[in-house]
Amino acid sequence: MTTTEAAGPPVSGHDNSHDGGTHGYHKQKDEHLKRLRRIEGQVRGLQRMVDEDVYCIDILTQVSASTKALQSFALQLLEEHLRHCVADAAVKGGDEVDAKVEEATKAIARLLRT
């Protein structure tokens, strides 16, 4: 599975171009990629466990660990979005603040549904 396939389609109604500036995660990009590769390794490990007929509970334990790792990554990314994108919009003022807060709120709602 490629990185593009893993990411899935863009969120409908979501403009990926933003303001053309730097994203909030840019300073930790290498660290984030390293974390994601580690998570990818965990998921590949799950595939191997199923292929090798490992005991169900052991697989579920690893599913839990992988899920927690993804949630932790998502929270870090959300924090960086709030500190960078939302804070920048707040400084600029206007309608952009409301749009960024709404965008963050929807992202939080999606995270809570998982």
Side-chain angles (χ1 to χ4, degrees):
M1 179 180 293
T2 65
T3 306
T4 306
E5 290 170 334
V11 177
S12 71
H14 185 72
D15 176 16
N16 289 326
S17 65
H18 299 289
D19 59 5
T22 306
H23 297 295
Y25 60 84
H26 77 281
K27 290 181 182 177
Q28 276 88 21
K29 186 174 180 178
D30 290 338
E31 180 183 319
H32 288 323
L33 289 171
K34 185 177 177 181
R35 276 179 94 177
L36 288 169
R37 286 185 192 103
R38 208 168 26 245
I39 293 166
E40 181 181 23
Q42 287 179 297
V43 173
R44 288 182 194 273
L46 286 167
Q47 294 170 345
R48 189 172 43 256
M49 291 173 82
V50 170
D51 187 48
E52 295 172 359
D53 295 319
V54 173
Y55 185 58
C56 304
I57 298 301
D58 295 337
I59 296 171
L60 288 170
T61 299
Q62 291 304 311
V63 167
S64 178
S66 299
T67 301
K68 184 174 180 179
L70 272 173
Q71 288 172 337
S72 175
F73 173 74
L75 286 174
Q76 179 66 42
L77 204 58
L78 178 61
E79 179 181 350
E80 290 167 1
H81 176 71
L82 293 171
R83 290 185 186 277
H84 181 268
C85 303
V86 177
D88 186 53
V91 169
K92 291 178 183 174
D95 292 339
E96 189 174 348
V97 175
D98 293 333
K100 290 294 180 184
V101 169
E102 181 180 350
E103 179 182 60
T105 302
K106 287 179 180 179
I108 293 166
R110 285 192 302 273
L111 288 173
L112 290 174
R113 285 193 296 260
T114 60

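Since the structure is predicted, the reported quantities are computational estimates derived from the model, not experimental observations. When a residue number appears, it is its place in the shown sequence, counting from 1.
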Check residues 57-70 and write down every donor-acceptor pair under 3.5 Å in which the side-chain atom is one partner and the other belongs to a residue at least two apart or another chain.
from: Thr61; atom 1: OG1; to: Ile57; atom 2: O; distance (Å): 2.9
from: Ser66; atom 1: OG; to: Gln62; atom 2: O; distance (Å): 3.0
from: Thr67; atom 1: OG1; to: Val63; atom 2: O; distance (Å): 2.9

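The pair Lys100-Glu96 does not count as a salt bridge, with every side-chain nitrogen at least 4.0 angstrom from each carboxylate oxygen. A salt bridge does not link Lys34 with Glu31: every distance from a Lys NZ or Arg NE/NH1/NH2 to an Asp or Glu carboxylate oxygen is 4.0 Å or more.
Atom CD1 of Ile39 sits about 13.5 Å away from atom CZ of Arg44, to the nearest 0.5 Å. A distance of 10.0 Å separates CG of Leu78 from CZ of Arg110, quoted to the nearest 0.5 Å.
Qualifying side-chain hydrogen bond (donor to acceptor under 3.5 Å, both in side chains) partners for Gln42, counting only residues two or more places apart in sequence or in other chains: none. Under the rule for a side chain to side chain contact (heavy atoms under 4.5 Å, CB included), Leu75 has no partner lying at least two apart in sequence or in another chain. Remark: Ala104 pairs with His81, Leu82, Val86 by the side chain to side chain contact (heavy atoms under 4.5 Å, CB included) rule, at least two apart or across chains. When the side chain to side chain contact (heavy atoms under 4.5 Å, CB included) test is applied to Glu102, the partners found at least two apart in sequence or on another chain are Lys106.
In terms of hydrophobic clustering, with Ile, Leu, Val, Met, Phe, Trp and Tyr side chains grouped at heavy-atom distances under 4.5 Å, Leu33 and Val43 are assigned to different clusters.
Here ring pair (Phe, Tyr, Trp, His ring centres under 6.0 Å) pairs that include residues 44-75, with residues two or more places apart or in two chains, are His32-Phe73.
With a 4.5 Å cut-off on side-chain heavy atoms, Glu80 and Cys85 do not count as touching.
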